[in-house]
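Structure first, then comments.
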Amino acid sequence: MHSTVGCYVHIPFCVRKCAYCDFNSYSGYTGGHVERYVRALTQEIRRSPRLTPPPHRGTPGGGGAGRPVDTVFFGGGTPTAIPATDEADLLRTVRETLPVTPDAEITTEANPGTMDVAQLEVLRAAGFNRISFGVQSFDAGLLQTLDRIHSAEEAKNAVRAARAASFGNVSLDLMFALPRQTLAQWRDTLEQALALETDHLSLYSLIVEEGTGFWTLRQKGRLPLPDEDTAAEMYQMAIDAAQGAGYAQYEISNFARPGRECRHNLHYWRNDPYHGFGCGAVAYLDGARRMNLKSPARYAEAVETGGDLTFSSETLTREETMAETMMLGLRLTQEGVDCARFTARFGADPRDLYACEIETFVRRGLLEVCGDHLRLTPRGVFLANDVMMAFI
Ligand code: SF4
């Protein structure tokens, strides 16, 4: 159980804020601000709690602080918006501080339009072995609607450049159910994505989050989104296209060639512990979840002055941790909730704990029990939220 853990590093800067984005990301930061942030981040990583003793048996969060790190994920924001040499230095600091395993999956998120081959080569040489591009669409009009800074051609060139720089593990993010998006447009974007033959695809439905530009437009009745049936049809189209091209759906929104599942995100979905560094980053260690201050400037100041970095924190009860483990595990469409692992962690079998809920959804054809695995059926995937909510 939890023999290894993940490590997340947050780079909050973006060239421009996208209309739909509610991530902890900021545009307009330059030079000195970025340098100060990178210095603070380096300091925070160096002070990480790597010497925390192993957890007591029965700790709901399962410990994690001193365990080998087998995934490192630089996310944002746009990690590639800072100099590649800074990302390389930060990764070196992670390695000097935490027990990163030799075969660790080391990912950087990247946006087309923020890098060139020379930068990619610096990242590859530093040890990044996976790159995840936020492409979102190959439709010029939709890219504009989303406020993305790149063109479809730049996105394709970025993938080719990553291959040229010897990235053997490349992922693309795409979004559907976008304003005025048609089924034909989505099919075309999927086809263009599949033609790039990446190792992994993340295919997300747009969610309009409060506080975003899209939220304001929707409030004003100026965000013409596809209706629910069309959105469901787009999702089915994504599943069919990806599976037809040899990708397995292993999570509600994620598809991978064999062996190319995102190991870092698997830690989240299995509710494993993880380190988190940077403004707004979340760490989940020794049963406690702690989020750092969100503002890059306030975060940097707190690091510099030895102040408290905490924005929020909570220690989860055993019941809360079990519920989260169910909810997250059900996102994994093949593995589902591993009942044997759950039992080893909590001392109780989820098939007994949640017998009523499971029976209800099995009867409705939304859940299935396959050996030791409890998972959504293909129909249940479309009603995943309803099923997952029943366990919390
Ligand atoms: S590039 Fe990504 S993180 Fe940055 S604003 Fe756009 S969606 Fe948000």
Side-chain angles (χ1 to χ4, degrees), residues 8-30 33-34 37-38 41 73-84 86-87 90 107-116 119-120 123 130-152 154-159 162 170-179 181 189 193 200-218 223 225 253-254 262 264-265 268 276-282 291-292 294-297 299:
Y8 177 78
V9 179
H10 191 70
I11 309 292
F13 309 113
C14 290
V15 176
R16 189 165 74 199
K17 187 82 178 172
C18 300
Y20 59 91
C21 177
D22 80 327
F23 298 131
N24 190 38
S25 64
Y26 305 84
S27 60
Y29 278 74
T30 50
H33 294 111
V34 174
Y37 180 79
V38 170
L41 187 48
F73 193 103
F74 280 55
T78 308
T80 48
I82 66 170
D86 283 350
E87 267 200 273
L90 285 164
T107 304
T108 181
E109 286 185 334
N111 277 326
T114 59
M115 85 204 70
D116 55 28
Q119 280 176 293
L120 287 162
L123 295 175
R130 183 173 185 276
I131 189 160
S132 174
F133 288 107
V135 171
Q136 315 314 351
S137 178
F138 284 104
D139 182 277
L142 287 171
L143 285 170
Q144 216 173 2
T145 303
L146 295 171
D147 282 339
R148 302 296 297 188
I149 59 165
H150 63 266
S151 66
E154 281 171 330
K156 290 177 190 172
N157 287 340
V159 172
V170 179
S171 179
L172 289 188
D173 282 12
L174 299 174
M175 291 169 73
F176 62 91
L178 301 174
Q181 187 179 32
T189 276
H200 186 277
L201 293 168
S202 297
L203 308 174
Y204 295 104
S205 171
L206 171 71
I207 295 174
V208 179
E209 303 282 2
E210 196 167 351
T212 61
F214 274 6
W215 178 272
T216 310
L217 284 176
R218 195 173 67 178
L223 195 70
L225 296 174
S253 304
N254 285 277
C262 177
H264 184 77
N265 286 340
Y268 296 142
F277 301 107
C279 64
V282 175
M291 182 191 272
N292 278 346
K294 290 185 175 178
S295 145
Y299 160 84

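Bear in mind the structure is a predicted one, so any value in this text is a computation, not a measurement. All ligand and atom numbering here is 1-based and tracks the order in the structure.
- Around atom 8 (Fe) of ligand 1, the protein atoms of type N, O or S found under 2.8 Å away are C21 SG, listed by chain and number.
- Heavy atoms from other residues, nucleotides or ligands lying under 6.0 Å from NZ of K156 number more than 12.
- The CG atom of L178 sits 8.0 Å away from atom OG1 of T145, with the distance rounded to the nearest 0.5 Å.
- Closest protein heavy atom to atom 2 (Fe) of ligand 1: R148 NH1, 3.9 Å.
- Summarising the local packing, CZ of F23 is surrounded by 12 or fewer heavy atoms from other residues, nucleotides or ligands at distances under 6.0 Å.
- Atom CD of E209 is surrounded by more than 12 heavy atoms from other residues, nucleotides or ligands within 6.0 Å.
- For the side chain to side chain donor-acceptor pair (under 3.5 Å) test, no residue two or more places apart in sequence or in another chain qualifies with S132.
- In this structure, the ring of Y37 has its center no less than 6.0 angstrom from the ring center of Y29.
- Ring planes of Y20 and F214: tilted class, angle from 30 to 60°.
- Of all protein heavy atoms, the one closest to atom 1 (S) of ligand 1 is N111 ND2, 3.1 Å.
- Using a 4.0 angstrom heavy-atom cutoff, R16 counts as in contact with ligand 1.
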